[in-house]
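In what follows, a single structure is set out as structure tokens and then discussed.
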Amino acid sequence: MSPTSIAIVGFGKIARDQHVPALRDNAAFSLDAVASRNASLEGVAHFRDIQTLLDERPDIQAVSLCAPPQVRYRQACAAIAAGKHVMLEKPPGATLSEVEDLRAQAERAGVTLFATWHSRYAAAVAQARDRLRERHVTAVDVQWKEDVRRWHPGQEWIWEAGGLGVFDPGINALSIITAILPEAFFLTQGELEVPANRQGPIAATLAFSDRRGAAIRAEFDWRQTGPQTWDIHVETDAGPLALTQGGSCLRIGDEIVLEGDDVEYPGLYARFAELIARGESDVDVAPLRHVADAFLLGKRVEVEAFHE
Ligand code: NAP
């Protein structure tokens, strides 16, 4: 089968760091164009924006949308209307309603829509899910703490409405726990710490409960300097399980049973190829729904202004 001709739209940090290498290593795709206002990739056709790309390159079959979430919906509408398969970076939109509409549009158009959650493809996540399937979870503790100055320098969009603030990385933890925990869970309480000069939170503490009453606590913080923390600890009737290093390392009790490489984006593109081949879509909004619930239910507390 000939490779699917794909274009990246919004050529920023994640496109450069992860999408390009993952696409170059995947024979199911041919990276044939980039649409971005200010950036391009040597040796690949460049267009200023998605509409020009769609107008001038009808041969492109799929697009991977890597711009900030606030512009995702309009770009995806244009691509679906042009009959392209669409891969959405996380979060899949600025609102849940947008994503639901995209799902309906893709179905009507008969194209694949893939709302990606890259952390679900971290090396140890599938095994954690399998091991928890038969267990009774009694408590969960999520610690997702990183330095915003180190990982998001100059990204103004991340603080603005739709950018999610600390939930931009935090939603990765939510994408993992919604995949591995055997029961649905619901927000019961939340506190969002919002800098006086910003719209999005710099830190948040969320408390959830599952159907059986297990306490699920999550702390997100963007003010952590030094070692960074992306850990999930799960207590079960058969002892503790921990997913650390963003989901790449699995510990059962005191024993490390798996420590994998960074395989998230190769996994995403393998899944996108599979969905296209099967004529299916994969749109799970559960992580974004929990963030929306946090904004609905969480108490906003103003904290010190943030300056880069
Ligand atoms: P970024 O470095 O700011 O890049 C996004 C690019 O999109 C920009 O360089 C810009 O390129 C384009 N863009 C920005 N505003 C736009 C607008 N209003 N209209 C059209 N294009 C616009 O951001 P990023 O870190 O790559 O993140 C992009 C998405 O990937 C986010 O949803 C983020 O959550 C997700 N993500 C990021 C990471 C990470 O580690 N950074 C990891 C996983 C997922 P031009 O100026 O050239 O148009």
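The basis for the numbers below is simple: all heavy atoms, side chains too, and nothing from hydrogens, waters or symmetry mates. For ligands, and for the atoms within them, numbers begin at 1 and follow the listed sequence.
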How far is [atom] from the closest protein heavy atom, and which atom is that?
{"atom": "atom 2 (O) of ligand 1", "value": "K13 N, 2.9 Å"}
{"atom": "atom 9 (O) of ligand 1", "value": "G12 CA, 3.4 Å"}
{"atom": "atom 44 (C) of ligand 1", "value": "E89 OE1, 3.2 Å"}
{"atom": "atom 11 (O) of ligand 1", "value": "S36 OG, 3.2 Å"}
{"atom": "atom 10 (C) of ligand 1", "value": "R37 NH2, 3.8 Å"}
{"atom": "atom 1 (P) of ligand 1", "value": "Q155 NE2, 3.5 Å"}
{"atom": "atom 35 (C) of ligand 1", "value": "K90 O, 3.5 Å"}

Rounded distance (nearest 0.5 Å) linking atom [atom1] of [X] with atom [atom2] of [Y]:
{"X": "W151", "Y": "I158", "atom1": "CH2", "atom2": "CD1", "result": "12.5 Å"}
{"X": "Y265", "Y": "D17", "atom1": "OH", "atom2": "CG", "result": "9.5 Å"}
{"X": "K84", "Y": "I6", "atom1": "NZ", "atom2": "CD1", "result": "12.0 Å"}
{"X": "L243", "Y": "R129", "atom1": "CG", "atom2": "CZ", "result": "11.5 Å"}
{"X": "K90", "Y": "I171", "atom1": "NZ", "atom2": "CD1", "result": "7.0 Å"}
{"X": "L96", "Y": "D101", "atom1": "CG", "atom2": "CG", "result": "12.5 Å"}

Below 4.0 angstrom from a heavy atom of [X], which ligand 1 atoms are there? Numbered from 1 as shown, please.
{"X": "D168", "result": "33 (C), 34 (O)"}
{"X": "P69", "result": "32 (O)"}
{"X": "C66", "result": "5 (C), 28 (C), 29 (C)"}

Kindly identify the option in V71, I14, N172 whose heavy atom sits closest to atom 40 (O) of ligand 1.
I14
Part of W157 within contact of ligand 1 (heavy atoms, under 4.0 Å):
side chain
May I ask you to check whether [X] has an N/O atom sitting below 3.5 Å from an N/O atom of ligand 1?
{"X": "N38", "answer": "yes"}
{"X": "Q75", "answer": "no"}
{"X": "H152", "answer": "no"}

Any luck finding a side-chain donor-acceptor pair between T229 and D231 under 3.5 Å?
no
Does a side chain donor of either Y269 or S64 reach within less than 3.5 Å of an acceptor in the other side chain?
yes
Parallel under 30°, tilted from 30 to 60°, perpendicular over 60°: which one fits the rings of F185 and H290?
parallel
Got a salt bridge between R223 and E193, using NZ or NE/NH1/NH2 to carboxylate O under 4.0 Å?
yes
If you measure from the Lys or Arg side-chain nitrogens to the Asp or Glu carboxylate oxygens, is any gap between R217 and E219 under 4.0 Å?
yes
Tell me whether Y265 reaches ligand 1 (any heavy atom closer than 4.0 angstrom to a ligand atom).
yes
Is the shortest distance from a heavy atom of R72 to ligand 1 less than 4.0 Å?
yes
